[in-house]
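In each ligand, atom 1 is the first atom listed, and ligand 1 is the first ligand listed.
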Amino acid sequence: MNVRITGTGSSLPGKILTNAELEQLIDTTDEWITTRTGIKERRIAADGEYTSTFAAEAGRRALEMAGVQPEEIDLIILSTVTPDFPFPSTACIVQDLLGAKNATAFDISAACAGFIYGLSVAEKYLRTGAAKKILVIGSETLSRIVDWKDRNTCVLFGDGAGAVVLEASEGDHSLLSTHTFSNGSYWNLLYQPGSGSRNPASASRTIDERLIYVTMEGNEVFKHAVRSMEEAAVKALDANGLSQSDISLLIPHQANRRIIDATAKRLGVGSDRLFINLHRYGNTSSASIPIALDEANHQEILKHGGKILLVAFGGGFAYGSALVEW
Ligand code: ACO
């Protein structure tokens with residue numbers, strides 16, 4: 001049985017935060033951010049907007065494109081590092097918002113690789129017949145966990161969500177493979193120290209010591225990101241008996257322009273086969289690939305029968321790839 005992507009959707013906050021505006025908030029420049037990251041602006045959630053808000057809207061749009069009713073969905077898998085609450089899962093809140101009353105719903109946590117992990121889990125449910133129609137969503141409100149006083153990190157991230165509907169049926173838009181990898185030796189190079197069971201909420205500790213915010217060894221993460229994304233991409237190509245020249249579009253996780261360019265160069269993929277929207281949204285973690293996929297879909301640059309390679313890397317470290325024949 002084929003596993004097909006029958007709908008894509010995305011949802012982004014209306015509020016845009018430009019590099020010029022960041023210059024007013026912290027000691028940075030548009031020139032530094034642009035040359036080091038490629039980011040020009042990012043979207044920021046307004047009061048009253050949460051991870052579930054964007055997730056539900058992206059999901060609704062993906063369902064609409066697929067022509068699938070919410071009640072037909074068997075499973076909702078939502079990837080996020082910024083859930084509405086520690087529990088219940090944001091997926092359950094989205095289930096309620098969508099009226100997907102026949103679905104099982106759960107969250108997964110694999111940072112920026114979360115959407116690929118979600119695809120991989122969904123693929124197994126569909127291939128084993130355990131589900132027929134699945135909604136996979138990546139949604140983040142990273143603006144709520146970055147330290148707006150830390151110029152090393154706050155310039156990098158943005159909010160938003162992307163989603164796909166996956167169905168077990170014959171036809172085009174087939175998910176050919178997914179591969180996931182983890183390397184827990186480096187968990188402390190990119191993480192949020194406070195708010196979990198090691199450092200529970202406390203005014204004197206997690207707040208005063210700023211443990212509630214994302215912390216990152218940027219240079220180290222950079223090196224691992226390039227190597228690991230190449231490894232995951234090569235695994236996808238090998239598993240499908242393909243070479244880089246067979247790829248019609250590479251959609252990498254949108255973290256940093258230099259990471260994307262270095263990965264594409266190692267793979268031998270030129271800019272004409274590379275999808276980038278990082279300049280408009282920054283790093284939206286697990287939402288970045290489904291947002292990019294949805295934009296590429298609407299821009300009609302996904303050609304029928306073309307091979308699309310999705311590849312992601314993030315905290316954990318967790319990384320992975322997926323290959324889709326459109
Ligand atoms: N504006 C101006 N100066 C800054 C800023 C800023 N926003 N941030 C840092 N600097 C300064 C630093 O303080 C440092 O100054 P110093 O030399 O006086 O100490 C200088 O710029 C250079 O800092 P580096 O950290 O060496 O800069 P680098 O070129 O490595 O770029 C960056 C930093 C952009 C974070 C890069 O390492 C990177 O992209 N790493 C990957 C991390 C990433 O993308 N993480 C996202 C999550 S993981 C993922 O999604 C893959």
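The ligand atoms of ligand 1 that sit less than 4.0 angstrom from a heavy atom of N256 are 34 (C), 38 (C), 39 (O). Applying the 4.0 Å criterion to heavy atoms of C112 picks out, from ligand 1, the atoms 49 (C), 50 (O). Every atom of ligand 1 is numbered from 1 in the order shown, and the set under 4.0 Å from a heavy atom of V221 is 42 (C), 48 (S). Here is the list of ligand 1 atoms found below 4.0 Å of a heavy atom in V155: 7 (N). Residue-ligand proximity, F313 to ligand 1, at heavy-atom distances under 4.0 Å covers atoms 49 (C), 50 (O), 51 (C). Close approach of ligand 1 to T37 (heavy-atom distance below 4.0 Å) involves ligand atoms 34 (C). Ligand 1 places these atoms under 4.0 Å from at least one heavy atom of L190: 47 (C), 48 (S).
For the atom pair E23 CD and T28 OG1, the distance stands at 7.0 Å (nearest 0.5 Å).
Protein heavy atom closest to atom 46 (C) of ligand 1, with residue, atom name and distance, is N283 ND2, 3.2 Å. Protein heavy atom in closest approach to atom 33 (C) of ligand 1: W32 CH2, 4.0 Å. The shortest contact between atom 28 (P) of ligand 1 and any protein heavy atom is with R36 NH1, 3.4 Å.
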Handout entry: Audit row: N199, T206, side-chain hydrogen bond (donor to acceptor under 3.5 Å, both in side chains) steps and yes/no
Key = CA-CA 7 Å; N199 298 305; T206 53; over 6 Å; no
Handout entry: side-chain hydrogen bond (donor to acceptor under 3.5 Å, both in side chains) assessment of T51 paired with T141
Key = CA-CA 5 Å; T51 294; T141 319; 2.6 Å; yes
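There is no side-chain donor-acceptor pair under 3.5 Å between T18 and K40. Under the 3.5 Å distance criterion, with hydrogens and angles disregarded, a donor-acceptor pair is assigned to the side chains of D159 and S143. Under the 3.5 Å distance criterion, with hydrogens and angles disregarded, a donor-acceptor pair is assigned to the side chains of E140 and T80.
The protein reaches atom 7 (N) of ligand 1 closely, with a heavy atom under 4.0 angstrom from it.
Following chains of ILVMFWY side-chain contacts shorter than 4.5 Å, one can reach L237 starting from L274, so the two form part of one hydrophobic cluster.
In terms of polar-atom proximity, defined here as any N/O pair under 3.5 Å, G218 does make such a contact with ligand 1. At under 3.5 Å, not a single nitrogen or oxygen of T29, backbone or side chain, sits near a nitrogen or oxygen of ligand 1.
Note on R151 versus D27: salt bridge recorded, some NZ/NE/NH1/NH2 to OD/OE distance being below 4.0 Å. The existence of a salt bridge linking E231 and K235 is excluded, since no basic side-chain nitrogen approaches an acidic carboxylate oxygen closer than 4.0 Å. Of the charged side-chain nitrogens involved, none lies within less than 4.0 Å of a carboxylate oxygen, so that R43 and E49 do not count as a salt-bridged pair.
When K223, R151, M216, E217 are checked for heavy-atom proximity to atom 45 (N) of ligand 1, M216 turns out nearest.
If you look at I259 next to ligand 1, the close heavy atoms, those under 4.0 Å, all belong to the side chain.
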